[in-house]
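Here is the structure we will look at, set down as structure tokens.
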Amino acid sequence: MNRSTVPVLANCLGHYDEQAPMPDLHAHFQCVWTNAIPDDHVGPVAVVPDGCVDLLWKDGRLMVVGPDIVAASPELHGGTTVLGIRFRPGAALRWLRTPMSAIVGQAVDLADVWNPGVARELCLRIGEAPTIERQAAVLQQQLLKQLPDLERPAQDAGAIFAAMASGSDEIGGRISLLVDRLDISERTLRRRSHDYFGYGPKTLDRILRFQNFLSLVRAQGKQAMAGLAYEAGYADQAHLGREIQALCGMTAGSFVRQITG
């Protein structure tokens, strides 16, 4: 990421929209989304880590966007509309048959991690659709054809994600509760977390705490930073500032100003 300029947050740029997936895909995907980039956009774009994996249709290519540990900075040209569909926790492992640790911080062609013939057919069908709305529909219709060959996401993946997202107590306590609940060792928990999310529970906790802060800012606007830091689960305002700098490459003030406008 270019540190000499303040990156623009992708979900603050242009028009972003989310919709529920088709009902039969609901067990595997969280949402279908589009992001229309303004015609006059130039400069870096920051896509902050969220613990998720997406299929992305952009510039005639269908990509798998792996989980990030720090903000990604993809090329998003002015006038582009990006289409994505977001996997539910653990679902990408079933679909791609690839551990997410293999694609952390990467965007790879779907054909490189899936059946190449099916991936090419999917790209062809989406490319023939005349509008972004039709492309979203075709993407889902083509994915529906693959469902008979797939198991639902593993239940423990959702349990791990929910426990790390809750921030209800110290990370060590939540890990101990998960180990007991799932009847596995901490080593197995770490391995499964790497397979499902690309990294271990502690890193997932860190990223989801940041997402919790992001949700609070969107809901509450420009509140006192110290109070937001405490509510999101940070030790103090300085801890929050260090995390935003590490994850996004910008100061807490710059980050909050972009979110709140």
Fill in: Cluster link Met225 to Met250, ILVMFWY, side chain under 4.5 Å
yes

Fill in: Heavy-atom side-chain contact between Val70 and Pro49 under 4.5 Å
no

Discussion item. Check for me, please, whether Val138 and Leu124 land in the same ILVMFWY cluster - side-chain distances under 4.5 Å, paths through other members count.
Written reply: no

Fill in: Minimum heavy-atom distance Val32-Pro21, with the two atoms named
CG2-CA, 4.0 Å

Practice prompt. Kindly check if the number of other-residue, nucleotide or ligand heavy atoms within 6.0 Å of CG (Asp180) is above 12?
Written response: yes

Discussion item. Quick one, Trp57 and Gln135 - any side-chain contact, counting heavy atoms below 4.5 Å?
Written reply: yes

Discussion item. So does Ala102 get a backbone contact from the side chain of Gln106, meaning a donor-acceptor N/O pair under 3.5 Å?
Written reply: yes

Worksheet entry | Ring centers of Phe210, Phe255 separated by less than 6.0 Å | yes

Fill in: All ring pair (Phe, Tyr, Trp, His ring centres under 6.0 Å) counterparts of His194, not counting sequence neighbours
none

Worksheet, complete the sentence: Heavy atoms of Ala229 and Leu240 approach each other most closely as CB-CD2, 3.8 Å

Worksheet, complete the sentence: Distance col, row Asn35:CG vs Ile37:CD1, nearest 0.5 angstrom, shows 4.0 Å

Fill in: Test item: Asp236 side-chain N/O and His239 main-chain N/O as donor-acceptor pair under 3.5 Å
yes

Worksheet entry | Nearest-0.5 Å distance, CG of residue Leu55 to CG of residue Leu96 | 7.0 Å

Worksheet item: Can you check whether Pro67 reaches Phe197 side chain to side chain, under 4.5 Å on heavy atoms?
Response: no

Worksheet item: Is the backbone of Gly117 close enough, under 3.5 Å, to the side chain of Asn115 for a donor and an acceptor to pair up by distance?
Response: yes

Worksheet item: Does some side-chain heavy atom of Leu110 sit less than 4.5 Å from a side-chain heavy atom of Arg61?
Response: no

Worksheet item: Are the side chain of Gln30 and the backbone N or O of Arg88 linked by a donor-acceptor pair below 3.5 Å?
Response: no

Practice prompt. Taking all non-hydrogen atoms of both residues into account, name the closest pair between Asp68 and Gly105 and its distance.
Written response: OD1-CA, 3.2 Å

Item to complete: Mind running side-chain contact (heavy atoms from CB on, under 4.5 Å) on Leu62 and Asp109 for me, showing each step along the way?
Response: CA-CA 6 Å; Leu62 193 58; Asp109 279 298; over 6 Å; no

Worksheet item: Are Leu208 and Ile175 connected in the hydrophobic side-chain network, where two residues link if heavy atoms are under 4.5 Å apart?
Response: yes

Discussion item. Looking at Gln211 and Ile207, would you say the former's side chain and the latter's main chain have a donor-acceptor pair under 3.5 Å?
Written reply: no

Response to the item:
Rounded to the nearest 0.5 angstrom, the CD1-OG1 distance for Ile244 and Thr251 is 8.0 Å

Worksheet item: Roughly how far, to the nearest 0.5 Å, is the CZ atom of Arg190 from the OG1 atom of Thr188?
Response: 9.0 Å

Discussion item. Please determine whether side-chain contact (heavy atoms from CB on, under 4.5 Å) holds for the pair Gln141 and Met22, giving the CA-CA distance in whole Å, both sets of side-chain angles, and the decisive distance to 0.1 Å.
Written reply: CA-CA 9 Å; Gln141 289 162 359; Met22 292 178 177; 3.8 Å; yes

Item to complete: Write down the atom of Ala71, the atom of Cys248, and the distance for their closest heavy-atom approach.
Response: CB-CA, 4.0 Å

Worksheet item: Taking the six-membered ring for Trp, are Trp95 and His28 parallel (under 30°), tilted (30 to 60°) or perpendicular (over 60°)?
Response: perpendicular

Worksheet item: Is a salt bridge present between Glu121 and Arg125, judged by a nitrogen-to-oxygen distance below 4.0 Å?
Response: yes

Fill in: Expected output: side-chain Thr34 to main-chain Val82 donor-acceptor under 3.5 Å
no

Fill in: 4.5 Å side-chain heavy-atom contact, Arg206 and Glu243
yes

Practice prompt. Flag yes if Ile126 and Ile132 sit in one hydrophobic cluster, no otherwise; membership is Ile, Leu, Val, Met, Phe, Trp, Tyr, and two members link when side-chain heavy atoms are under 4.5 Å apart.
Written response: yes

Using distance only, find each side-chain donor-acceptor pair of residues 142-165 under 3.5 Å and give its atom names and separation, not counting sequence neighbours.
unit_1, atom_1, unit_2, atom_2, d
Asp156, OD1, Tyr196, OH, 2.7
Asp156, OD2, Arg192, NH1, 2.7
Asp156, OD2, Tyr196, OH, 3.2

Fill in: Arg86/Glu18 ion pair, N-O < 4.0 Å
yes

Worksheet item: Can you tell me how far the CZ atom of Phe29 sits from the CZ atom of Phe87, to the nearest 0.5 Å?
Response: 4.5 Å

Worksheet item: Should Leu182 and Leu204 be counted in the same cluster of Ile, Leu, Val, Met, Phe, Trp and Tyr side chains packed under 4.5 Å apart?
Response: yes

Item to complete: Over all heavy atoms of both residues, which pair between Ala111 and Pro116 is shortest? Give the atoms and the distance, please.
Response: O-CG, 3.8 Å

Response to the item:
The reported gap from CG in Leu93 to CG in Asp195 (rounded to nearest 0.5 angstrom) is 6.0 Å

Item to complete: Kindly give the heavy-atom pair with the smallest separation between Thr80 and His77, and that separation in Å.
Response: OG1-O, 2.9 Å

Worksheet item: Side-chain contact, heavy-atom cut-off 4.5 Å: Ile259 with Val256?
Response: no

Worksheet item: Taking the side chain as C-beta and beyond, is there a heavy-atom pair between Cys31 and Ile85 under 4.5 Å?
Response: no

Discussion item. When you measure from the side chain of Thr203 to the backbone of Tyr199, do you find a donor-acceptor pair of N or O atoms at a distance under 3.5 Å?
Written reply: no

Worksheet entry | Side chain proximity check, Trp114 to Leu122, heavy atoms < 4.5 angstrom | yes

